[in-house]
Chemist: 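Below is a structure I'd like to ask you about.
Counting begins at 1 with the first residue of the sequence. Predicted model only: the values in this text are computed from it and were never measured. Each ligand, and each atom within it, is numbered from 1 in the order the structure gives.
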Amino acid sequence: MFQSPIVLRVKKRQKPLEDGVSRPVKVKFEDVRLYLVERKMGHSRRSFLTQLARSKGFIVEDVLSDTVTHVVSENSQALSLWTWLRGCDLKNLPSVHVLDISWFTDSMREGRPVAVETRHLVQDTVPVLPECSTPTPEVKVSQYACQRRTNTENYNTIFTDAFEVLALSYEFSEIEGQCQAFRRAASVLKSLPSAVRRLGEVQDLPCFGEHTIGIIEDILQYGHSFEVEKILSDERYQTMKLFTSVFGVGPKTAEKWYRSGLRSFSDILTEPDIHLNPMQQTGFLHYEDISRAVSKAEALALGNIIDEAVHAITPDALTTLTGGFRRGKEFGHDVDFIVTTPEPGREKSLLPDIIDRFKQDGILLYCDYQASTFDVSNLPSLRFEAMDHFAKCFLILRLKANKVEGGLNSAEEDDRGWRAVRVDLVSPPMDRYAFALLGWTGSRQFERDLRRFARIERRMLLDNHTLYDKTKNKLLAATTEKDIFAHLGLEYLEPWQRNA
Ligand code: CTP
Ligand code: MN
Ligand code: MN
């Protein structure tokens, strides 16, 4: 957003930044934490002013967060600055001093933070309606995806695709805040009922700041964004994107390979010092197949196969299609299922049994099985965990063409009569079903906002296992997704409205 360009904050291991961030200077004013807004000020001036302030004992934060007490901008328009600040999700925004550069120069001259006067303030401006106009009932867009309806139709792909490139690029550089900022803004755009045609339409949206608005402005004006083009032609970005497209290769491994000079798959596969783990080996082996989208017909066929296997094992088991296909998507990168049985404890051995059957049927190409580590007495979990504790497996299955209505989604010249498909299975205990279903239905952005909403607006903790009310100090029971929405005081959203 108002940040230094990514290249400057890529890695701590790089040589010290030009603005001397890493040089230790004695802090004189502990209670004052500055944040300098880069947009309009420019990168080199921001670096210069940062260094100046730090040399005088001021704390200058690189990233805007709740610790910041003074936001300083130069030549910024009050409206767009405040729009951005409001989208930054700061809990203490009302107590932050939002200041013009004059406060900063006064303070530098005095060698201490001067008292804030009215002339220093960038006043919060609320757009005023012309007196005679009838106020139209404004449909306010929520900053939380769980308070927006987002179906599979996206009228703003031209913008959201650009945002995804930026988000990914920040993700590769481990700049989490910026990455999320672009994902949140993209998510807001996905919920709109039509394409954005004028800049004014996004200026009042939540989660939009100067950086995101700037990108929209470029695309509206020139048809594309120069910043995005630059990333797309960047060798590191291209290589990271290529390497992480392999099943089993995350950003850490991709980065390591990139740093050792590798640029292509053949570089990796011919390098004797590289040892691929079984997941990565399978990833390369079935690369063509598993990087090809899975169709809805294929997902339904896999549903039948899994259903058959599950019922042969325990007749009263339940298979539920979840993930993107439950949200109504036509294509996905995998197919996700929840399998449960009403018999307590049986869910722990269900997946190994299913896996055995797949093996016998000769359709198991790869299996990463993770046994359950779920323990009711550990609820609620107070620390954030990326994965839930239920038994689960990440599979690659061999799907035959004759099982799929209308045939496989494979290349025209492909006459093998089968394809490899990624399948995820999760097996929670029955009494956790609603939480698991809500968590595995996604989208990822929807889940993130649901948890954020629960935490910030309701003082509750939500994860794939449970919902905990911190005010009442108790776990809240739920047998359906509707129960969970009700506990959170949210209007119920159908799965196909959760494509945030
Ligand atoms: N999920 C999870 N724990 C995991 C893996 C996935 O809770 N270990 C959840 C994710 O948060 C997501 C859902 O399962 O909400 C589906 O994940 P995924 O298959 O990655 O995404 P989809 O939305 O199904 O998208 P796609 O169609 O590309 O598969
Ligand atoms: Mn999926
Ligand atoms: Mn999945």
Side-chain angles (χ1 to χ4, degrees), residues 145-146 150-152 154 160-161 164 167-168 171 180 183 186-187 190 244-245 247-251 279 283 289-303 306 319-340 351 366-374 381 384-397 399 409 420-428 432-454 461-467 481 484 493-500:
C146 53
T150 316
N151 58 28
T152 51
N154 176 2
T160 55
D161 288 351
E164 184 49 32
L168 203 55
E171 192 176 313
Q180 268 314 304
R183 294 245 157 90
S187 176
K190 286 182 190 172
T244 53
S245 75
F247 178 57
V249 180
M279 201 182 215
D289 273 3
I290 56 184
S291 48
R292 179 181 292 273
V294 184
S295 70
K296 194 185 260 178
E298 289 169 332
L300 295 176
L302 284 158
I306 288 154
T319 312
T320 315
L321 178 66
T322 172
F325 287 108
R326 181 165 185 250
R327 301 196 309 272
K329 278 175 61 176
E330 292 294 328
F331 291 95
H333 96 283
D334 69 354
V335 196
D336 309 275
F337 294 96
I338 301 184
V339 287
T340 41
L351 292 186
Y366 175 81
C367 172
D368 173 11
Y369 170 68
Q370 302 181 356
S372 167
T373 53
F374 178 68
S381 169
F384 174 78
E385 290 162 307
M387 288 251 200
D388 60 51
H389 291 265
F390 305 132
K392 60 176 80 66
C393 57
F394 307 105
L395 308 175
I396 298 179
L397 295 183
L399 177 63
N409 177 40
V421 195
R422 276 271 301 107
V423 173
D424 290 342
L425 304 182
V426 61
S427 178
R432 302 289 121 202
Y433 179 74
F435 297 105
L437 180 63
L438 180 59
W440 278 76
T441 298
S443 67
R444 266 168 213 277
Q445 200 57 38
F446 181 85
E447 302 297 329
R448 238 182 236 132
D449 274 8
L450 199 57
R451 277 156 215 206
R452 195 163 60 95
F453 176 86
L461 296 174
L462 173 71
D463 61 21
N464 286 5
H465 317 102
T466 194
L467 178 63
E481 290 179 313
I484 305 171
L493 294 187
E494 298 290 351
W496 56 89
Q497 298 172 324
R498 303 180 203 160
N499 286 287

Chemist: Polar contacts were defined as any N/O atom of the residue lying under 3.5 Å from an N/O atom of the ligand; does this apply to D336 and ligand 1?
Modeler: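 Indeed, backbone or side chain, D336 has an N or O that close.
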Chemist: Ligand 1 versus T322, non-hydrogen atoms closer than 4.0 Å: side chain, backbone, both, neither?
Modeler: neither
Chemist: At what distance is the nearest protein heavy atom to atom 16 (C) of ligand 1, and which residue and atom is it?
Modeler: W440 O, 3.6 Å
Chemist: Which single N/O/S atom of D336 lies at minimum distance from the Mn ion (ligand 3)?
Modeler: OD1
Chemist: If we ignore hydrogens and angles and just use 3.5 Å, is the side chain of T322 paired with the main-chain N or O of D336 as donor and acceptor?
Modeler: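 No; zero donor-acceptor contacts below 3.5 Å.
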Chemist: Got a donor-acceptor contact below 3.5 angstrom from the R422 side chain to the L395 backbone?
Modeler: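 Yes; judged by distance alone, with no hydrogens or angles, the pair exists.
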Chemist: Once you restrict to heavy atoms under 4.0 Å, what part of H333 touches ligand 1? Side chain, backbone, both or neither.
Modeler: both
Chemist: Of the protein's non-hydrogen atoms, which lies at the shortest distance from atom 7 (O) of ligand 1, and what is that distance?
Modeler: N464 ND2, 3.0 Å
Chemist: Which residue holds the protein heavy atom closest to atom 9 (C) of ligand 1, what is that atom called, and what is the gap in Å?
Modeler: G439 O, 3.6 Å
Chemist: Look up atom CZ in F453 and atom CZ in F446, then write down how far apart they are to the nearest 0.5 Å.
Modeler: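 F453 atom CZ to F446 atom CZ measures 10.5 Å (nearest 0.5 Å).
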Chemist: State whether the shortest distance between N or O atoms of D334 and N or O atoms of ligand 1 falls below 3.5 angstrom.
Modeler: yes
Chemist: Answer yes or no: does an N/O atom from K329 fall short of 3.5 Å to an N/O atom of ligand 1?
Modeler: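 N/O-N/O distance under 3.5 Å: yes.
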Chemist: In ligand 1, which numbered atoms sit nearer than 4.0 Å to a non-hydrogen atom of G323?
Modeler: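 Answer, ordered by atom number: 24 (O).
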Chemist: What residue and heavy atom of the protein are closest to atom 23 (O) of ligand 1, and at what distance?
Modeler: R327 NH1, 2.8 Å
Chemist: Ignoring angles and geometry beyond distance, decide whether R444 reaches within less than 3.5 Å of ligand 1 through its nitrogen or oxygen atoms.
Modeler: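 So ligand 1 has an N or O lying under 3.5 Å from an N or O of R444.
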Chemist: In this structure, is the centre-to-centre distance between the rings of Y366 and F247 below 6.0 Å?
Modeler: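 So the answer is yes for these two rings.
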Chemist: Got a donor-acceptor contact below 3.5 angstrom from the S187 side chain to the A500 backbone?
Modeler: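 A pair under 3.5 Å: no.
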Chemist: Closest approach of F435 and D463, non-hydrogen atoms and distance?
Modeler: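 What the structure gives for the nearest pair is CB-O, 4.1 Å.
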Chemist: Between D424 and D334 (side chain of the first, backbone of the second, donor and acceptor by atom type, cut-off under 3.5 Å), is there such a pair?
Modeler: no
Chemist: Less than 4.0 Å between atom 26 (P) of ligand 1 and some protein heavy atom, yes or no?
Modeler: yes
Chemist: For A145, is there any backbone N or O sitting under 3.5 Å from a side-chain donor or acceptor partner on Q445?
Modeler: no
Chemist: Give the residue and atom name of whichever protein heavy atom lies nearest to atom 15 (O) of ligand 1, and the separation in Å to one decimal.
Modeler: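 Protein heavy atom at minimum distance: G442 CA, 3.0 Å.
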Chemist: For R327, does its backbone N or O pair with a side-chain atom of K329 as donor and acceptor, under 3.5 Å?
Modeler: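 Flag not set: sc K329 to bb R327 has no pair under 3.5 Å.
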Chemist: Taking both backbone and side chain into account, is any N, O or S atom of D424 nearer than 2.8 Å to the Mn ion (ligand 2)?
Modeler: no
Chemist: Identify the closest protein heavy atom to atom 8 (N) of ligand 1: which residue and atom is it, and at what distance?
Modeler: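 Protein heavy atom at minimum distance: M387 SD, 3.0 Å.
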Chemist: Which protein heavy atom lies closest to atom 24 (O) of ligand 1, and at what distance to 0.1 Å?
Modeler: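 Heavy-atom neighbour on the protein nearest atom 24 (O) of ligand 1: G324 N, 2.8 Å.
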Chemist: Counting only N and O atoms by type, is there a donor-acceptor contact under 3.5 Å from the side chain of R183 to the main-chain atoms of A167?
Modeler: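 Checking the backbone N and O of A167 against the side chain of R183, no donor-acceptor pair under 3.5 Å is found.
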Chemist: Of all N/O/S atoms in D334, which lies nearest to the Mn ion (ligand 3)?
Modeler: OD2
Chemist: Purely on distance, is any nitrogen or oxygen of F394 under 3.5 Å from one on ligand 1?
Modeler: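 Among all N and O atoms of F394, none is under 3.5 Å from an N or O of ligand 1.
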Chemist: Does E298 pair with R292 as a salt bridge, N-O distance under 4.0 Å?
Modeler: no
